[in-house]
S.K.: 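Just passing along the structure, written as structure tokens.
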Protein chains: 2
Amino acid sequence: MPKKKISIKDIARSLGISITTVSFILNGKAKEKRISDELTLKVEEYIKHVGYRPSHLAQSLRLGKSKVIVFMVEDISNQFFASIARKIEEKAYKNGYKIIYCSTDNDPDKAKALIDTFKVRSVDGFIITPTPDLESTITELIEEDFAVLLFDRWIPSIDCSYVVVENEKSAFEATSHLIQNGCMNIGFVTVASDQIQMIDRLEGYGKAIEAHGQNKKVLMLPFHHLSENSASHKIQQFVKSNTDLDALFFATNYLAFEGLQALNNLKKQIPNDLLVVSFDDHYFFTLFQPNISAIEQPLETIAEKLMEGMLKMLNGNGDPKLDFKIILPNTLHIRESSDFKKI
Amino acid sequence: MPKKKISIKDIARSLGISITTVSFILNGKAKEKRISDELTLKVEEYIKHVGYRPSHLAQSLRLGKSKVIVFMVEDISNQFFASIARKIEEKAYKNGYKIIYCSTDNDPDKAKALIDTFKVRSVDGFIITPTPDLESTITELIEEDFAVLLFDRWIPSIDCSYVVVENEKSAFEATSHLIQNGCMNIGFVTVASDQIQMIDRLEGYGKAIEAHGQNKKVLMLPFHHLSENSASHKIQQFVKSNTDLDALFFATNYLAFEGLQALNNLKKQIPNDLLVVSFDDHYFFTLFQPNISAIEQPLETIAEKLMEGMLKMLNGNGDPKLDFKIILPNTLHIRESSDFKKI
DNA sequence: TGGCTTTGCTAAAAGGATTTACCAAAAGTA
DNA sequence: TACTTTTGGTAAATCCTTTTAGCAAAGCCA
């Protein structure tokens with residue numbers, strides 16, 4: 001038989017006092033509202049004794065705040081997002097917030113539908129990796145006074161807070177690094193996507209190539225539902241048909257994994273035949289032989305900044321439209337795959 | 001300026017009818033409650049026109065159901081849990097449920113504290129990978145009529161529904177497979193933990209070893225905060241001090257990663273020097289050279305069964321204490337690391 | 001016409017909290 | 001003593017829905 005839940009009303013009745021008094025005491029307003037110390041103590045003891053806990057549902061309804069943050073990413077099972085999820089979780093809980101997650105698959109319709117459902121749930125804030133075509137939905141969200149924070153990518157056309165990394169700069173650096181190590185024909189493997197972070201990475205690569213008077217060689221894999229085999233297969237084609245390639249720069253780690261598979265099938269040696277660098281570091285890159293050079297995003301800092309910004313918006317200290325725009329630097333880890341000295 | 005949220009009361013007033021009527025229509029009870037088709041239509045159109053959406057908060061408060069499921073795992077950034085998270089998400093959303101996640105780090109105190117906070121939030125159900133020492137907390141949860149479903153591991157001492165895999169059987173099979181491939185000295189690398197799934201895996205290994213009259217060689221790494229280097233280091237020690245080892249069976253994939261690192265440091269060749277098998281398959285096992293044999297847990301089915309069980313409990317068709325105990329078979333993928341023929 | 005059923009709709013309670021406005025009694029002041 | 005202030009508290013509205021119980025009018029039957 002389930003223990004009947006005890007409410008503030010039960011407490012008031014048991015103690016022969018009013019609900020108001022109990023509420024004041026619960027919310028630490030006893031002094032301010034001139035409840036005697038004696039009664040305060042008595043109520044506090046009784047509350048502890050019966051193990052009363054206020055209903056968050058009722059509080060949320062009354063206060064219009066649910067203490068829930070939505071974490072909407074492209075795919076929660078992606079290591080990058082899962083890691084961020086893990087890190088923001090702690091900070092959220094510490095501040096009394098819970099996190100609901102959801103994955104968009106980068107599908108605008110799905111994203112819109114999800115945002116729509118959450119509005120109804122009166123969540124307080126949204127941490128979002130935006131899909132394409134989400135400008136108006138996000139603008140609405142902000143207009144309706146939800147706290148919104150974009151990350152991983154942002155939307156240039158709207159004024160919304162975000163936490164992102166220096167995609168272009170890091171791609172430029174990594175490409176330059178390859179050039180300095182003697183590469184003359186660097187291929188860039190990316191996905192066809194209008195996500196800003198992908199565009200920036202391509203841009204960084206392009207600028208470095210141009211700065212050294214080299215030629216761009218870009219493989220754009222179709223974004224949607226690129227089955228693993230086909231990606232790997234297409235990378236093989238790319239390498240075979242560009243016989244002068246001496247390096248590959250992968251725009252994401254999952255592309256790199258496909259690429260490593262492809263190079264392995266082609267019996268290409270890294271770094272002897274081709275140097276390799278990838279955006280977005282991964283545990284596996286240090287396990288793989290040879291170790292793969294990669295650009296590491298500062299996960300911990302991203303998570304920190306996300307929660308810092310979110311909490312600032314939620315506590316709404318004055319600023320309703322807080323301008324929280326953070327661009328974080330990455331770290332290029334040069335490993336065996338792009339540096340003969342490391343072998 | 002945020003659009004003022006429109007409530008059922010606003011609708012009633014605008015249309016000059018009662019709240020009750022609107023509510024009936026909203027809940028599809030117009031016919032049953034004898035609201036005229038004419039009025040029903042009028043209200044439905046008005047609702048669509050103003051884009052009214054009922055407040056879930058108020059509904060939850062009234063109905064005592066929040067349509068929220070807690071997904072409490074050891075670590076949401078762990079690939080296994082993240083994958084399950086991704087898969088149950090879809091099924092949950094399809095049924096109108098949202099998922100709040102949290103990580104316990106296998107710390108009983110943290111787990112208890114988390115469960116405690118969620119009770120207050122009046123969530124409907126819990127999907128839990130239990131930490132040690134959680135019997136009484138979970139028993140309480142069930143007594144208080146929450147839907148509870150354990151997974152990955154379960155607690156023998158209490159009667160609670162679960163979804164797990166055949167740990168012992170699969171470990172037995174994998175060990176037997178190594179023996180059939182000529183191994184005479186198989187080392188088992190695991191963590192010191194009283195988690196039932198780890199015990200079962202050890203048990204399966206042990207029985208297979210005994211069945212063939214061989215000797216057990218078990219390396220138990222300390223569970224808590226095993227820093228990566230120390231794990232890898234200890235595995236190196238283990239291999240060095242057991243010169244006759246001809247195979248290693250890792251109880252989890254993260255242990256295998258450490259082990260691969262260790263074997264690499266020792267310049268051991270797989271499978272020439274040592275055969276390798278791991279519990280819990282991983283994408284990298286097929287990327288790694290040589291491919292690593294592994295036992296794959298049926299993620300999709302686990303997720304399916306979890307939501308099937310959860311929904312059954314939540315819809316509470318008669319059975320409040322649904323006996324939902326599922327044990328799923330795994331698949332052993334024999335790859336290059338444990339089979340010379342595959343090389 | 002009187003009594004019964006059906007039709008069409010509504011008032012109000014409940015769910016659990018917060019908060020404003022107010023009220024009595026005691027204490028202070030002149 | 002008469003008035004003001006302080007002390008210690010409470011009643012009731014509010015947040016938004018669902019749902020029970022019930023009411024008036026119309027329709028039906030004899």
S.K.: At a heavy-atom distance below 4.0 Å, what parts of residues 35-48 of chain A sit against DNA chain D?
M.R.: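 Hits under 4.0 Å, by residue number: A:I35, A:S36, A:L39.
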
S.K.: Under a criterion of less than 4.0 angstrom to any heavy atom of chain A, what are the 5'-terminal and 3'-terminal contacting nucleotides of DNA chain C?
M.R.: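 Under 4.0 Å from chain A, the extent on DNA chain C is C:dG16 to C:dT20.
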
S.K.: Considering only residues two or more places apart or on different chains, which pairs with a residue in residues 31-40 of chain B satisfy salt bridge (Lys or Arg N to Asp or Glu O under 4.0 Å)?
M.R.: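 Counting only pairs at least two positions apart or across chains, the salt bridge (Lys or Arg N to Asp or Glu O under 4.0 Å) contacts touching residues 31-40 of chain B are B:K31-B:D37.
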
S.K.: Would A:S77 and A:D75 count as having a side-chain donor-acceptor pair, cut-off 3.5 Å?
M.R.: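 Side-chain D/A pair, A:S77 to A:D75: present.
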
S.K.: Tell me whether B:K325 at atom NZ has more than 12 heavy atoms from other residues, nucleotides or ligands lying less than 6.0 Å away.
M.R.: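 Atom NZ in B:K325 is crowded, with more than 12 foreign heavy atoms closer than 6.0 Å.
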
S.K.: Can you tell me if A:E74 and A:S103 form a side-chain donor-acceptor pair at under 3.5 Å?
M.R.: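 No, no side-chain donor-acceptor pair sits under 3.5 Å.
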
S.K.: Which part of the nucleic acid does A:I17 contact within heavy-atom distance under 4.0 Å: base, sugar-phosphate only, or nothing?
M.R.: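 Sugar-phosphate contact only - A:I17 comes under 4.0 Å of backbone atoms but never of a base.
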
S.K.: Kindly write out the residues that satisfy side chain to side chain contact (heavy atoms under 4.5 Å, CB included) with B:K112, not counting sequence neighbours, or none if the list is empty.
M.R.: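 For B:K112, the residues satisfying side chain to side chain contact (heavy atoms under 4.5 Å, CB included) (neighbours in sequence not counted) are B:D133, B:L134, B:T137.
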
S.K.: I need the full list of salt bridge (Lys or Arg N to Asp or Glu O under 4.0 Å) pairs touching residues 51-67 of chain B, with sequence neighbours left out, sorted by first then second residue.
M.R.: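 Every pair satisfying salt bridge (Lys or Arg N to Asp or Glu O under 4.0 Å) with a residue in residues 51-67 of chain B: A:D116-B:R53.
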
S.K.: At what angle, to 10 degrees, do the two end axes of the helix from C:dT1-D:dA30 to C:dA30-D:dT1 meet, given five pairs define each axis?
M.R.: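 The value is 60°.
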
S.K.: Please, which pairs that meet salt bridge (Lys or Arg N to Asp or Glu O under 4.0 Å) have at least one residue in residues 14-24 of chain B, sequence neighbours excluded?
M.R.: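 Every candidate salt bridge (Lys or Arg N to Asp or Glu O under 4.0 Å) pair involving residues 14-24 of chain B fails, so no pair, neighbours aside, qualifies.
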
S.K.: Go along nucleotides 15-20 of chain D 5' to 3' and tag each nucleotide: B for a protein heavy atom under 4.0 Å from its base, S when only backbone or sugar atoms are that close, - otherwise.
M.R.: BBBBBB

S.K.: Using whole Å, report how far CG of A:L15 lies from P of D:dG9.
M.R.: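 Rounded to whole Å, this separation is 12 Å.
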
S.K.: Can you name the residues that form a side chain to side chain contact (heavy atoms under 4.5 Å, CB included) with A:S136, not counting sequence neighbours?
M.R.: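 With sequence neighbours excluded, A:S136 shows a side chain to side chain contact (heavy atoms under 4.5 Å, CB included) to no residue whatsoever.
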
S.K.: For A:Y162, enumerate each residue passing the ring pair (Phe, Tyr, Trp, His ring centres under 6.0 Å) test, keeping only those at least two apart in sequence or located in another chain.
M.R.: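 Checked A:Y162 against ring pair (Phe, Tyr, Trp, His ring centres under 6.0 Å); matches are A:W154.
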
S.K.: B:Y52: what forms a ring pair (Phe, Tyr, Trp, His ring centres under 6.0 Å) with it, not counting sequence neighbours?
M.R.: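 Partners of B:Y52 under the ring pair (Phe, Tyr, Trp, His ring centres under 6.0 Å) test: none.
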
S.K.: In Å and rounded to the nearest 0.5 Å, what is the CG to CG distance from B:L311 to B:N95?
M.R.: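 One finds 4.5 Å between CG of B:L311 and CG of B:N95.
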
S.K.: Could you list the residues that satisfy ring pair (Phe, Tyr, Trp, His ring centres under 6.0 Å) with B:F146, not counting sequence neighbours?
M.R.: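 Partners of B:F146 under the ring pair (Phe, Tyr, Trp, His ring centres under 6.0 Å) test: B:F126.
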
S.K.: Under 3.5 Å, is there a donor on one side chain and an acceptor on the other for B:Q195 and B:N106?
M.R.: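 Judged by distance alone, the side chains do pair up.
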
